[in-house]
Amino acid sequence: MRKKITVAVTGNPNVGKTTILNHAARANLSVGNWPGVTVERKEGLTAHKGYEIHLVDLPGIYTLDPISEDEKIAHNFLSDGDPDVVLDVIETANAERDLLLTLELLEFGKPMVIALNMIDEAERHGVAVNTFHMSEVLDIPVVKTNGKTGDGVDKLLDAIVDVYENQKVPKPIKYNDRFEDALAQVSEQIRNGSINKHTLIDFLSKSEKGKAQRIALEKFYKKNITTIIKDERYSFANGFFAETFKKKNSTARDITDRIDKVILHPIYGFFIFLAAMFLLFKISFDFSNPLMEWTEGFINNFLSPVVAMALTKAGATEWMLKFFSEAVVGGVGFVITFVPLIGTIYFLLALLEMSGYMPRIAFLMDRFMHKLGLHGKGMIPLLLGFGCNVPAIMATRTLENRRDKLLVIAMIPFMSCPARLIVFSFFAVLFFSNPAIVIFSLYVLGILIGLMTAFFLRKTAFKGRLSHFVMELPPYRVPSLITVVRIVWAQIKNFLYRAGTLIFAASVVIWILLNIPPGIKNPSQSAAAYIGKSITPIFKPIGIKDWRISTSLIPAFLAREIVLSSMGTIYSANVEIEKKNFHVVNELKGQAINLIFAVKESLLSLLKPGINTLKADTGDVNLRNVIKGSFTPASALSFMIFLLLYTSCLATVAVMAREAGKWVALIFLAYSFAIAWVVAFIVYNVGMTL
Amino acid sequence: MQNRNRFRHKFGQGTSSDSVKTLNDLQVGEVAQITGFSNHNEILLKIEAMGLRPGRKIKVLQRLGRGILVSTSMSRIVITSDVARSIEVKCEKRSQ
């Protein structure tokens with residue numbers, strides 16, 4: 001068994017920690033659920049020189065003084081998580097700022113390595129570093145890295161192994177004598193020889209045990225202790241910076257400032273934002289549509305018959321074949337066809353994040369958000385909500401104020417995610433002549449209900465002033481395609497994992513419920529039908545009268561897209577599967593040709609103006625036809641609205657409970673059910689009278 | 001209101017005032033040096049760590065609503081006017 005080294009990857013925001021992690025861990029990257037945003041723990045594993053190096057990416061922070069949630073996470077991991085090695089990533093061109101955090105990290109006295117990242121950018125700006133001096137003064141390895149190309153990452157891993165093997169700790173930091181004497185006295189009082197300098201300074205500034213020394217210092221300097229500590233650290237960092245870094249006058253003109261003149265223009269900026277959002281949705285839908293159709297064809301016309309054939313040859317019983325076609329293909333296979341859509345949305349959101357546009361949206365939109373009593377930074381979680389509500393709720397951690405945070409959390413579940421789009425695109429195409437308008441209206445309805453909820457909360461539970469906002473805008477950078485692809489792949493893996501576990505389990509449970517008691521001829525006699533029928537009265541007023549639909553809503557609480565796979569399972573019990581003989585190799589060739597056409601069509605769709613997807617009815621004709629019999633346009637609309645507004649997603653409720661508290665999550669769940677029911681009821685009844 | 005201020009600055013008035021100026025008083029394109037903070041709010045500690053420290057030269061790049069985008073050495077930072085009011089500055093010159 002390999003020895004494990006746990007490395008805390010720290011640094012200021014936007015210094016390229018994620019790209020370094022990416023180059024080090026390659027495919028072994030797990031990024032949670034969301035693209036790009038470093039608010040939750042990202043991890044990577046890599047094998048190097050006989051060790052298993054476990055890299056934990058901490059949130060980007062400027063200082064270890066815990067004010068915001070991000071700083072608390074980083075601080076707690078460094079002090080309680082007991083990492084073996086600390087890796088400090090510095091954006092070389094911005095070292096003057098970054099060195100404060102470096103200094104605070106050095107105070108911990110742990111084995112440490114410094115990565116001078118984005119060395120190419122620094123050189124372009126005329127910044128030169130004396131790494132030899134830096135390494136000698138601090139007595140730690142300093143490695144130049146380039147996040148874009150991955151240059152230097154191997155050396156970084158060498159250095160990590162080296163400091164770990166030799167338990168090489170940095171040279172202790174020495175502040176001025178008076179300050180050091182005070183620290184020595186506090187240390188004597190605590191009588192703990194192994195205490196690190198950072199904790200000692202904490203004792204000096206806050207604890208009862210450091211009170212005498214604190215008062216003495218404050219009296220001498222005529223400043224409060226926070227300022228004294230701050231001045232000590234800054235003077236050390238500034239002195240060290242002056243010795244190590246040299247800035248020449250560079251001729252490189254800053255392209256970011258020029259782009260910002262347009263992007264952040266009070267008027268053009270707003271229209272560019274609208275155009276960017278339009279493109280985001282157009283590309284998501286149009287580009288992924290041909291690929292989704294191909295995936296569906298591949299599963300239903302190739303994979304499913306091939307496996308069925310193999311099963312028959314292996315002597316599978318009728319019962320097993322039925323299970324395979326109904327629970328596996330009907331349930332899981334159906335959901336997998338949405339991988340191209342989810343992949344495209346994540347890809348585009350990751351591009352927005354890594355290019356530097358995402359934080360600019362916060363600045364640009366704060367004008368409007370502010371008027372609604374919301375924080376500009378809240379715009380980012382809300383936008384992420386269109387990708388997936390779960391990471392969006394996690395991303396609210398960047399809001400320091402609990403009031404601002406809860407307001408945004410209460411809005412996020414109304415931002416429609418791809419899971420809902422899966423359901424919408426299925427129903428809208430089936431029942432409406434212009435499905436794109438129906439789907440667009442549903443998105444708008446979600447946003448309106450979100451705003452209404454926030455308005456209502458501001459007038460009741462969350463009165464009070466909006467907090468200030470402070471945020472750095474990183475320079476524009478061309479995102480590294482390989483990094484974006486790896487992050488997107490990690491999301492898709494996560495989705496497939498869910499399809500393979502949660503969705504599969506739900507499909508199996510429904511399939512079993514549909515087939516017990518054993519020997520039933522008709523699904524309407526099954527246990528599932530019994531449960532479905534008993535909850536039908538709740539949904540009758542909103543137009544959902546068929547037990548098969550109310551039944552499918554139960555497992556849909558795990559995740560909304562399950563509603564369709566459950567319907568697939570419930571309805572396919574009625575649909576005869578076609579059995580035909582086919583030639584595997586020929587079929588495979590046909591599928592390959594189809595794929596080429598699908599890719600061509602995807603690329604061509606990008607050139608057409610407007611959103612063209614969802615105009616034609618294609619796909620699983622069998623399921624569509626039987627479902628069509630169970631709805632009217634009015635009840636289909638009411639059903640979509642119900643699923644849009646009701647937080648029918650276990651993962652969202654769970655993450656909400658973690659971020660905002662159990663009760664908040666439960667009350668919100670009940671609220672979302674009520675509002676979903678009421679809006680669906682109104683729409684259904686108005687629709688019936690038309 | 002903002003336009004009137006801009007007009008005033010164009011003709012060199014208002015900038016020579018002896019009263020303490022804050023970052024919130026600066027217009028787009030103005031360059032200044034941070035001289036100090038008027039209080040010890042926690043958020044100012046963070047702003048300092050982000051690079052807006054006394055002695056640093058700053059330039060206002062854009063103002064949108066309550067938000068002010070300032071650049072200092074290699075970074076660009078957005079702060080809201082309520083925070084900017086606590087940052088005291090000394091004007092240097094106006095550039096575009």
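Residue numbers start from 1 in every chain, and the chains themselves are labelled A, B, ... in the order their sequence lines are given, proteins ahead of strands.
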Best-contacting candidate, A:Thr226, A:Asp257, A:Asn12, against chain B by heavy atom pairs under 4.5 angstrom:
A:Asp257
Which answer fits [X], side chain, backbone, both or neither, if we ask what part of it has an atom under 4.5 Å from a heavy atom of chain B?
X        : result
A:Asp98  : neither
A:Leu364 : both
A:Phe368 : neither
A:Leu100 : side chain

Name the region of B:Leu61, side chain, backbone, both or neither, that has any atom closer than 4.5 Å to a heavy atom of chain A.
side chain
Check whether B:Ile68 gets within reach of chain A through its side chain, its backbone, both or neither, counting any heavy atom under 4.5 Å.
backbone
Contact check, side chains of B:Ile79 and B:Leu23, non-hydrogen atoms, under 4.5 Å:
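Answer yes - side chains close enough.
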Chain A contacts, top residue of B:Ser71, B:Ala49, B:Gly65 (heavy-atom pairs, under 4.5 Å)
B:Ala49
Option in B:Ser73, B:Ser81, B:Ser75 with maximal non-hydrogen atom pairs under 4.5 Å from chain A
B:Ser75
Pairing of A:Glu96 and B:Arg56 as salt bridge, 4.0 angstrom limit
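Yes, this pair counts.
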Using the side-chain hydrogen bond (donor to acceptor under 3.5 Å, both in side chains) rule, pick out the option among A:Asn117, A:Thr92, A:Asp120 that qualifies with A:Thr145.
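Checked A:Asn117, A:Thr92, A:Asp120 against A:Thr145; only one passes side-chain hydrogen bond (donor to acceptor under 3.5 Å, both in side chains): A:Asn117.
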Rounded to the nearest 0.5 Å, how far does CD1 of A:Ile272 lie from CZ of A:Arg360?
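The distance works out to 12.0 Å.
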Nearest heavy atoms of A:Pro474 and A:Gly356, plus distance in Å
CG-CA, 4.3 Å
